[in-house]
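Worksheet for the structure shown next.
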2 protein chains.
Amino acid sequence: MNEDQAVSALSALAHTQRLRVFRALVVAGPEGLTPSVLADQLDVARNTLSFHLKELAHAGLVTIEQQGRNLIYRAEYAHMNGLIGYLTEHCCQGGVCEVSESTQCNC
Amino acid sequence: MNEDQAVSALSALAHTQRLRVFRALVVAGPEGLTPSVLADQLDVARNTLSFHLKELAHAGLVTIEQQGRNLIYRAEYAHMNGLIGYLTEHCCQGGVCEVSESTQCNC
DNA sequence: TCATTAATTCAATGATTGTTGTATTATCGA
DNA sequence: TCGATAATACAACAATCATTGAATTAATGA
């Protein structure tokens with residue numbers, strides 16, 4: 001994770017609809033979700049959703065797999081964990097902190 | 001952490017300069033840093049920096065303490081950890097995941 | 001008190017972003 | 001092959017954001 005990637009990922013998440021989409025995909029887990037299901041679940045216009053999914057994909061936070069005429073979107077946990085690590089890197093000059101159990105996902 | 005707080009925090013971080021400022025404060029730890037030091041260290045105009053620090057403070061990611069004519073800014077680790085938790089909440093429908101050691105800071 | 005330094009505020013301007021409507025590509029099933 | 005569905009692409013406009021310069025507030029020390 002470098003600075004540009006981090007800013008890109010944060011920008012992608014810094015939006016109500018995209019954050020909802022991403023969290024829905026995090027909850028969905030490895031099965032993923034299709035744009036249609038997401039659009040119904042979150043009540044967003046399909047072209048708007050498409051735009052937002054593209055943003056998330058471009059930021060590396062979700063992956064796309066084609067299955068027939070459906071697309072399966074999935075949260076990219078590795079990238080999310082990389083972002084989280086980037087935020088806390090070299091915390092407190094490396095000396096003072098304790099490390100704790102977290103809710104990081106290893107799917 | 002609720003949705004609005006999360007979007008607010010993510011928006012605050014989704015910017016090259018503010019991300020640098022925040023990470024510098026994370027590294028600085030409990031001692032914190034003054035705007036002057038940050039401005040020199042990151043080569044940003046003081047009024048621009050002031051604007052960005054206000055954004056970070058408004059998002060709850062940094063705290064401000066006055067010491068004479070200096071202000072001490074510090075990263076608010078609890079809020080950052082709350083944000084991280086929000087992103088991964090109910091991950092994989094609560095069933096499939098393992099929890100790992102992370103780099104979360106407990107200052 | 002007065003000059004200096006720390007930091008912020010405000011208005012203005014240029015740049016970026018979000019949403020919508022319309023059109024397009026591609027796949028499926030009859 | 002043809003109609004229906006899944007999904008994306010594109011252009012346009014409104015709304016929001018970032019930066020700058022100038023002015024302001026507040027604290028320090030001679």
Side-chain angles (χ1 to χ4, degrees), chain A residues 3-25 28 31-76, chain B residues 3-25 28 31-76:
Chain A
E3 186 177 74
D4 284 347
Q5 288 176 310
V7 170
S8 174
L10 290 163
S11 294
L13 293 172
H15 185 282
T16 305
Q17 311 237 51
R18 285 197 293 267
L19 185 56
R20 285 182 190 164
V21 168
F22 181 73
R23 294 203 338 135
L25 290 174
E31 284 177 33
L33 292 172
T34 64
S36 298
V37 173
L38 278 166
D40 291 349
Q41 193 172 313
L42 302 173
D43 198 27
V44 190
R46 311 234 160 167
N47 50 0
T48 301
L49 177 65
S50 182
F51 168 77
H52 290 313
L53 283 168
K54 204 176 73 173
E55 294 287 303
L56 288 169
H58 185 256
L61 286 164
V62 306
T63 58
I64 314 176
E65 182 197 345
Q66 184 139 21
Q67 280 189 5
R69 73 176 141 185
N70 291 307
L71 295 181
I72 313 288
Y73 281 86
R74 294 188 182 88
E76 180 70 9
Chain B
E3 186 177 74
D4 284 347
Q5 289 177 309
V7 170
S8 176
L10 290 164
S11 295
L13 294 171
H15 185 281
T16 305
Q17 313 239 49
R18 285 198 294 266
L19 185 56
R20 284 182 191 164
V21 169
F22 181 74
R23 294 203 339 136
L25 291 173
E31 285 178 32
L33 292 171
T34 64
S36 299
V37 173
L38 278 167
D40 291 348
Q41 192 171 314
L42 301 174
D43 197 29
V44 190
R46 311 232 160 166
N47 51 0
T48 301
L49 178 65
S50 182
F51 168 78
H52 290 312
L53 283 169
K54 205 176 72 173
E55 292 288 302
L56 288 169
H58 186 256
L61 286 164
V62 306
T63 59
I64 313 176
E65 182 197 345
Q66 184 141 17
Q67 280 189 6
R69 72 178 140 185
N70 292 307
L71 295 181
I72 313 287
Y73 281 86
R74 294 188 182 88
E76 180 71 10

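Protein chains get the first letters and strands the later ones, always in sequence-line order, with residue 1 at the start of each. The model shown is predicted, which means the values in this text are computed figures rather than measured ones.
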Which nucleotide wins on minimum distance to the side chain of [X], given the candidates [options]?
{"X": "A/S36", "options": "D/dA7, D/dT19, C/dA7", "answer": "D/dA7"}
{"X": "A/H15", "options": "D/dA18, C/dT19, D/dA7", "answer": "C/dT19"}
{"X": "B/L71", "options": "C/dT20, D/dT20, C/dT8", "answer": "C/dT8"}
{"X": "B/N70", "options": "C/dA7, C/dG18, D/dA18", "answer": "C/dA7"}
{"X": "B/N47", "options": "D/dA6, D/dT19, C/dT9", "answer": "C/dT9"}

Rounded interatomic separation in angstrom, taking [atom1] from [X] and [atom2] from [N]:
{"X": "A/F51", "N": "D/dA7", "atom1": "CZ", "atom2": "P", "value": "18 Å"}
{"X": "A/L53", "N": "C/dG18", "atom1": "CG", "atom2": "P", "value": "14 Å"}
{"X": "A/H52", "N": "D/dA9", "atom1": "NE2", "atom2": "P", "value": "14 Å"}
{"X": "B/K54", "N": "C/dC10", "atom1": "NZ", "atom2": "P", "value": "7 Å"}
{"X": "B/Q66", "N": "C/dT5", "atom1": "CD", "atom2": "C1'", "value": "14 Å"}
{"X": "B/D40", "N": "C/dA6", "atom1": "CG", "atom2": "C1'", "value": "12 Å"}
{"X": "B/E55", "N": "C/dA7", "atom1": "CD", "atom2": "P", "value": "19 Å"}
{"X": "B/L49", "N": "D/dT20", "atom1": "CG", "atom2": "P", "value": "12 Å"}

[N] OP1/OP2 closer than 4.0 Å to side-chain N/O of [X]:
{"X": "A/T48", "N": "C/dT20", "answer": "yes"}
{"X": "B/Y73", "N": "C/dA6", "answer": "no"}
{"X": "B/R18", "N": "D/dA18", "answer": "yes"}
{"X": "A/Q67", "N": "D/dA6", "answer": "no"}

[Y] side chain reached by [X] side chain, heavy atoms, under 4.5 Å:
{"X": "A/E55", "Y": "A/F51", "result": "yes"}
{"X": "B/S11", "Y": "A/H15", "result": "no"}
{"X": "A/L38", "Y": "A/R46", "result": "no"}

With no hydrogens and no angle check, is any side-chain donor or acceptor of B/Q66 less than 3.5 Å from a backbone partner on B/G68? yes
Whether over 12 other heavy atoms sit under 6.0 Å from B/E31 CD: no
B/R69 or A/I72, whichever maps to the more 5' nucleotide of DNA chain D: A/I72
